[in-house]
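Structure record follows, encoded as structure tokens.
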There are 2 protein chains.
Amino acid sequence: MPISAYDAGVARAATTSDVFNAIAEPQRRQILVLLRAGERPVTEVAQELGMTQPGASKHLRVLREVGLVRDRRVGKQRMYGLDARGLRPVHEWIGGFERFWNGSFDRLDAYVQDLKQARQEE
Amino acid sequence: MPISAYDAGVARAATTSDVFNAIAEPQRRQILVLLRAGERPVTEVAQELGMTQPGASKHLRVLREVGLVRDRRVGKQRMYGLDARGLRPVHEWIGGFERFWNGSFDRLDAYVQDLKQARQEE
DNA sequence: GCATCATATGCCGATATCGGCATGCGTCAA
DNA sequence: TTGACGCATGCCGATATCGGCATATGATGC
């Protein structure tokens with residue numbers, strides 16, 4: 001939240017409209033996975049994932065606002081489709097940790113290695 | 001939430017203790033990045049990132065509970081270090097969308113391509 | 001216009017979350 | 001043991017979140 005906004009209490013800072021937050025919701029992740037197979041109208045999304053129509057609609061809205069999903073009208077229906085480009089920054093951010101989950105590049109990892117050895121040596 | 005648990009109202013489902021949720025918080029992401037450079041005691045984390053000591057401690061707790069961070073005691077201090085292995089599943093999940101942000105593998109992407117062409121043809 | 005289908009939105013209750021503050025607990029040194 | 005330091009925890013206020021329900025909005029066809 002760039003604008004100063006609180007006099008007291010504060011509460012959570014800048015969660016909204018953030019891709020990381022959008023994919024933090026299990027159901028929203030399910031929607032994204034589902035849409036990999038192709039566009040779908042809201043009702044179909046809801047049915048296939050066992051959620052209510054308003055529920056699906058709300059989650060799709062969040063995904064739309066962060067740009068992970070696009071919609072287009074087809075008659076009365078609204079087809080929702082994946083736009084995964086927004087996931088790329090996330091993938092890259094996490095990729096910055098890639099070397100830390102294999103090798104021994106930081107001190108903690110070394111420490112963990114030590115623990116393992118210590119256990120084996122029991 | 002595998003266990004049925006609500007009679008009314010329901011509210012948010014299963015956010016807690018989930019890696020996706022842990023990295024949804026900007027400050028926690030900062031902590032992870034900082035710890036890439038090596039272990040640090042709580043106070044140092046707080047100082048370097050401009051947060052209060054209890055604030056840092058709480059975020060570190062969340063990260064610890066999802067296994068992204070490990071701690072070990074060193075005298076009075078508690079050194080926190082990165083354990084990035086928990087990020088791997090996230091990386092892989094997102095990797096499942098990789099082909100969707102380059103090529104034209106799904107219908108929406110094709111639709112987007114069409115839009116671009118249509119614009120160029122104006 | 002009117003009825004109908006498809007979707008979005010508003011409201012509510014329950015809960016989760018975050019920051020700030022004060023305080024508790026654990027460890028070390030004297 | 002006592003004091004000091006480092007960190008964790010508890011409580012609070014403000015707010016965000018999610019699901020369910022009812023309803024508003026939008027588009028279509030008659």
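Lettering follows sequence order; numbering is per chain, from 1.
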Side chain to side chain contact (heavy atoms under 4.5 Å, CB included) partners of A/Q47, counting only residues at least two apart: none

Transitive ILVMFWY cluster of A/M79, excluding itself - 4.5 Å side-chain cut-off: A/V74

d(CD, B/Q27; C1', C/dT17) in whole Å: 13 Å

Tell me which nucleotide among C/dG19, C/dG20, D/dG20 gets nearest to the side chain of A/T52. D/dG20

If I take atom CG in residue B/D71 and atom C1' in nucleotide C/dG26, what distance separates them, rounded to the nearest angstrom? 14 Å

To the nearest angstrom, how far is A/R72 atom CZ from D/dG26 atom P? 21 Å

Within a strict 4.5 Å, meaning less than it, do heavy atoms of the B/V69 and B/L32 side chains meet? yes

Across the strands shown, which category fits A/G75 at heavy-atom distances under 4.0 angstrom: base, sugar-phosphate, nothing? sugar-phosphate

A/H59 vs D/dT17: side-chain N/O to OP1/OP2 distance below 4.0 Å: no

Using OP1 and OP2 only, check whether a side-chain N or O of A/R61 sits under 4.0 Å from C/dT9. yes

With sequence neighbours left out, write down each residue that passes side chain to side chain contact (heavy atoms under 4.5 Å, CB included) with A/Q30, or none if nothing qualifies. A/L49

Round to a whole Å and report the spacing from CD of A/E25 to P of D/dA16. 17 Å

Atom pairs under 3.5 Å, N or O on each side, protein against nucleotides 2-7 of chain C: can you list them with distances?
| unit_1 | atom_1 | unit_2 | atom_2 | d |
| --- | --- | --- | --- | --- |
| C/dT7 | OP1 | A/V42 | N | 3.3 |
| C/dT7 | OP1 | A/R78 | N | 3.3 |
| C/dT7 | OP2 | A/T43 | N | 3.2 |
| C/dT7 | OP2 | A/T43 | OG1 | 2.2 |

Counting side-chain heavy atoms from C-beta on, which of D/dG19, D/dT17, D/dG20 comes nearest to A/K58? D/dG20

Set of residues satisfying salt bridge (charged side-chain N to carboxylate O under 4.0 Å, His left out) with respect to A/R28, sequence neighbours excluded: none

Using side chain to side chain donor-acceptor pair (under 3.5 Å) as the criterion, list what pairs up with B/E44, not counting sequence neighbours. none

